[in-house]
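Heads up: numbering here begins at 1 and tracks the sequence. Because the structure is a prediction, the values reported are computed rather than measured.
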Amino acid sequence: MGPTAVVADVAGEIEAEGKVLVIKRIHVVYHLETPLEDKEKVERAYAVHADNCPVYRSIHRAIDVTTELDWQELK
């Protein structure tokens with residue numbers, strides 16, 4: 001895979017707590033194209049990635065983080 005093989009769209013939702021803006025939710029959509037024979041590997045990696053991600057592990061108790069996989073077959 002090249003440097004553009006994985007692209008992510010990230011959206012955050014911010015709410016005011018008093019006079020302070022606080023990040024409450026983050027949703028990440030991973031866009032990935034691989035050959036069909038790699039689809040199962042991608043799905044296995046996606047299933048465990050959050051628990052092995054330092055950023056997720058650092059913030060998930062304070063911010064609701066959700067992810068989604070948009071996999072497409074590489075033509």
Side-chain angles (χ1 to χ4, degrees):
M1 288 192 283
T4 60
V6 179
V7 175
D9 292 321
V10 181
E13 293 183 31
I14 300 170
E15 296 178 3
E17 287 186 0
K19 295 183 180 183
V20 178
L21 296 176
V22 178
I23 300 168
K24 292 294 189 172
R25 288 168 293 285
I26 297 172
H27 183 69
V28 182
V29 181
Y30 298 108
H31 303 281
L32 179 62
E33 292 185 353
T34 67
L36 181 59
E37 60 267 15
D38 292 339
K39 183 179 182 188
E40 191 174 309
K41 292 177 196 173
V42 168
E43 290 173 342
R44 282 195 314 265
Y46 173 73
V48 300
H49 84 284
D51 289 335
N52 294 287
C53 174
V55 174
Y56 174 83
R57 298 279 302 265
S58 298
I59 67 172
H60 79 279
R61 288 186 180 94
I63 302 171
D64 180 28
V65 181
T66 56
T67 62
E68 179 181 340
L69 176 61
D70 171 31
W71 177 87
Q72 301 292 321
E73 182 178 0
L74 184 63
K75 307 266 183 202

Exercise. Would you confirm whether Arg57, through its side chain, and Asn52, through its main-chain N or O, come within 3.5 Å as a donor-acceptor pair?
Key: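 Checked: no pair found.
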
Exercise. Using atom types as modelled and distance alone, determine if a side-chain donor or acceptor of Tyr46 lies under 3.5 Å from a backbone N or O of Thr67.
Key: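 A pair under 3.5 Å: yes.
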
Check whether [X] and [Y] end up in the same hydrophobic cluster, where Ile, Leu, Val, Met, Phe, Trp and Tyr are linked by side-chain heavy atoms less than 4.5 Å apart.
| X | Y | value |
| --- | --- | --- |
| Ile26 | Val22 | no |
| Leu74 | Leu69 | no |
| Val29 | Val7 | no |
| Tyr56 | Ile23 | yes |

Quick one: [atom1] on [X] to [atom2] on [Y], what's the gap to the nearest 0.5 Å?
| X | Y | atom1 | atom2 | answer |
| --- | --- | --- | --- | --- |
| Ile14 | Leu21 | CD1 | CG | 6.5 Å |
| Lys39 | Gln72 | NZ | CD | 9.5 Å |
| Asp70 | Glu33 | CG | CD | 8.5 Å |

Practice problem: For Ile59, look at atom CD1 and say whether over 12 heavy atoms of other residues, nucleotides or ligands are found less than 6.0 Å away. | Solution: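 Buried by this count: over 12 neighbours within 6.0 Å.
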
Quiz item: Hey, is CD on Glu37 packed in by over 12 heavy atoms from elsewhere, all under 6.0 Å?
Solution: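 Count over threshold, so yes.
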
Exercise. Determine whether Val55 and Val65 make a side-chain contact, defined as any pair of heavy atoms from C-beta on separated by less than 4.5 Å.
Key: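 Counting from C-beta outward, Val55 and Val65 never come under 4.5 Å.
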
Practice problem: With the side chain counted from C-beta on, respond yes when Glu43 and Trp71 share a heavy-atom pair under 4.5 Å apart, and no when they do not. | Solution: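 Glu43 does not reach Trp71 side chain to side chain.
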
Exercise. Taking all non-hydrogen atoms of both residues into account, name the closest pair between Pro54 and Ser58 and its distance.
Key: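 Looks like O-OG, 2.7 Å.
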
Self-check item: Sidechain N-carboxylate O distance under 4.0 Å for Arg25, Glu15
Solution: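 Counted as a salt bridge, because a side-chain N and a carboxylate O are separated by less than 4.0 Å.
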
Quiz item: Going through the checks in order, is the side-chain contact (heavy atoms from CB on, under 4.5 Å) test met by Lys41 and Thr34?
Solution: CA-CA 10 Å; Lys41 292 177 196 173; Thr34 67; over 6 Å; no

